[in-house]
There are 2 protein chains.
Amino acid sequence: MAEEVRGRLIDAAGRAFAERGFEGASVRDICSDAGVNVAAINYHFGDKQSLYVACLEQAQCSESRQTLLAAAPSLPPEARLHGFIRGMLAAQGDPDRPRWHHALMLREMAHPTTAAAAVLQRYIRPLAETLREILEQISPGVSGMSHDGWPVGFSVVSQVLFYAVHRPVVRLLMGEAEHDALDVDFLADHITRFSLAALGRGPNIVGPSAAPSAGTRKTVPR
Amino acid sequence: MAEEVRGRLIDAAGRAFAERGFEGASVRDICSDAGVNVAAINYHFGDKQSLYVACLEQAQCSESRQTLLAAAPSLPPEARLHGFIRGMLAAQGDPDRPRWHHALMLREMAHPTTAAAAVLQRYIRPLAETLREILEQISPGVSGMSHDGWPVGFSVVSQVLFYAVHRPVVRLLMGEAEHDALDVDFLADHITRFSLAALGRGPNIVGPSAAPSAGTRKTVPR
DNA sequence: GATTGTTTAAAACAGTCGTTTGATTTTTCG
DNA sequence: CGAAAAATCAAACGACTGTTTTAAACAATC
């Protein structure tokens, strides 16, 4: 029973922190949402801050796994990039995992707290290294570019993160109906094609065929 | 004297809201920072919420001007894109304008409040329309693509917004020294080249020359 | 100089915040 | 079972929140 309360508390707090931020989420709301007494937070975690880092750790553990797995080294590099991008996009709305995991990490990335700088390092670094390796595989020499090729990697991931951070704006600009049509598969295909074209691989983004090249689409594991 | 208090209040509040969010910034901190009495907020603005929208309006007015101006219709389309991107980047760190203007708009875009949906519309829409026009000029047919070409525009602006939203992460990943080398001019050149390459114009991003093509660099007005 | 209306000041308002207390219930285990 | 430990509970703590009040200082007009 004790561990279950801990879990319910982390889940309720994670949702609250992701949605309203650390200051905006009150311990009373969190406890009421989790169906426990207000004193439970201090009993199980010590204080609100420690509960926050507990949420962050849980979000971190589950986050990067599937993205990295989707970019299996055995695949051709274009398919790896597609898997990487699709993995990041899918992590935003994975039904098997609480939605707040991704949103909370995003908040922390935009406005890092002292408690989480180290966690961020462990969470982001392996993803960045994997992407760098994939890009070097696609376009040998990109790692040797100015600033170690970081800007190229940023240009790729920025397109993915955009839809996570600015989805409200996208909805407002495109309208509800059009926005809902931007599902994970479409966006993964678009971002992959855009990035590959920028790297000189694959057709330009404006072409006769709006479908992705066959090799990068179907061979990606779900 | 009355108007000066209003101004000092908006400036102090804008900085506080941009840095710590609406909930995180207390009226006492704001007033102490502005050097006025706590009652001044309610006297001049009514309540904290109205002060917030006053900050948002001020940030909105000064924001989009220079970005749009930098993309003058008389220039060749590639230079217009470069100017648009450079304008957005420069707005992030323009010394002539309070730094909180851009940061506050970003916060509002990521987590919109009810009071600001309309403001967002007026602020973002003209920028989006201008970019769409530039892209159509560069690659005729892009507006007729799936979802009216929105994803292509998003792929461009996302690269710019990335450095505004996730700069702390960039600093952590690259290290302090390397990060500081990513100035406005370098990033504008990189993002423009990456995007043009994706659109099939200009050299690929990984090429013998890391410098931007001549036509797009020098002809951009500052 | 008195009398307006406008702006500032200190103090207090009710309410919420995160946290703690101390008693009570539940669980664990010899 | 019965004692020890763990967990939950309602209630209250002081500090802080946004807001209001009331009085004083200021400015401008007659």
Side-chain angles (χ1 to χ4, degrees), chain A residues 1-59 100 104 107-108 111-116 119, chain B residues 1-59 100 104 107-108 111-116 119:
Chain A
M1 186 70 178
E3 282 303 311
E4 189 211 332
V5 169
R6 255 189 82 100
R8 283 216 312 273
L9 223 29
I10 288 184
D11 191 63
R15 269 182 282 121
F17 288 147
E19 195 168 330
R20 304 187 290 276
F22 181 78
E23 321 257 2
S26 77
V27 297
R28 282 178 174 79
D29 285 350
I30 292 171
C31 290
S32 147
D33 199 19
V36 303
N37 191 270
V38 281
I41 284 186
N42 288 47
Y43 179 81
H44 287 281
F45 296 92
D47 59 357
K48 186 186 182 185
Q49 175 77 24
S50 302
L51 171 60
Y52 180 77
V53 311
C55 292
L56 219 54
E57 281 167 358
Q58 174 148 329
W100 58 265
L104 186 61
R107 256 193 201 272
E108 192 62 34
H111 303 97
T113 64
T114 58
V119 177
Chain B
M1 185 69 179
E3 283 304 311
E4 190 210 330
V5 169
R6 254 188 81 100
R8 282 216 312 273
L9 222 28
I10 288 184
D11 192 63
R15 270 183 282 119
F17 288 146
E19 195 169 331
R20 302 188 291 275
F22 181 77
E23 320 257 5
S26 77
V27 296
R28 281 177 176 81
D29 285 350
I30 293 171
C31 291
S32 147
D33 199 20
V36 304
N37 192 272
V38 282
I41 284 187
N42 288 41
Y43 178 80
H44 287 280
F45 297 92
D47 57 358
K48 186 186 181 185
Q49 176 76 24
S50 302
L51 172 60
Y52 180 77
V53 310
C55 293
L56 219 54
E57 279 166 359
Q58 174 148 327
W100 59 265
L104 188 61
R107 254 191 201 274
E108 193 62 34
H111 304 97
T113 65
T114 58
V119 177

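First the proteins, then the strands, lettered A, B, ... as listed; each starts at 1.
- As rounded to whole Å, 14 Å separates atom P of dT7(C) from atom CG of Leu9(B).
- For the salt bridge (Lys or Arg N to Asp or Glu O under 4.0 Å) condition, no pair includes a residue of residues 16-25 of chain A, sequence neighbours left out.
- In this structure, Phe45(A) places its CZ atom 13 Å from P of dT19(C), rounding to the nearest Å.
- What separates CG of Asn42(A) from C1' of dG18(C) is a distance of 7 Å, to the nearest Å.
- Under the side chain to side chain contact (heavy atoms under 4.5 Å, CB included) criterion, Asp47(B) pairs with Gln49(B), Ser50(B), sequence neighbours left out.
- Listed by chain and number, the residues in a side chain to side chain donor-acceptor pair (under 3.5 Å) with Asp33(B) are Arg15(B) (sequence neighbours excluded).
- Distance Lys48(B) NZ to dT17(D) P: 9 Å, rounded to the nearest Å.
- Taking atom CG of residue Asp47(A) and atom C1' of nucleotide dT19(C), one finds them 9 Å apart after rounding to whole Å.
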Contacts table for residues 24-31 of chain A: side-chain donor-acceptor under 3.5 angstrom, sequence neighbours left out:
from	atom 1	to	atom 2	distance (Å)
Ser26(A)	OG	Asp29(A)	N	3.1
Ser26(A)	OG	Asp29(A)	OD2	3.3

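- OP1 or OP2 of dT8(C) has at least one side-chain nitrogen or oxygen of His44(B) nearer than 4.0 Å.
- Annotation: proximity of residues 27-41 of chain B to DNA chain D (heavy atom, distance under 4.0 Å) is found for Val27(B), Arg28(B), Ala39(B), numbered in ascending order.
- With sequence neighbours left out, the ring-ring contact (aromatic ring centres under 6.0 Å, His included) criterion links Phe45(A) to no other residue.
- As rounded to whole Å, 9 Å separates atom C1' of dT8(D) from atom OH of Tyr43(A).
- Nearest heavy-atom pair, Lys48(B) versus Ile41(B), reported as atom, atom and distance to 0.1 Å: N-CG2, 4.3 Å.
- For the contact set between residues 14-24 of chain B and DNA chain D, defined by any heavy atom under 4.0 Å, there are no members.
- Taking both residues in full, the closest heavy atoms of Ile10(A) and Trp100(A) are given as O-CZ2, 3.9 Å, listed atom of the first, atom of the second, then distance.
- Leu9(A) approaches Ala34(A) most closely through the heavy-atom pair CD1-CB, 3.8 Å.
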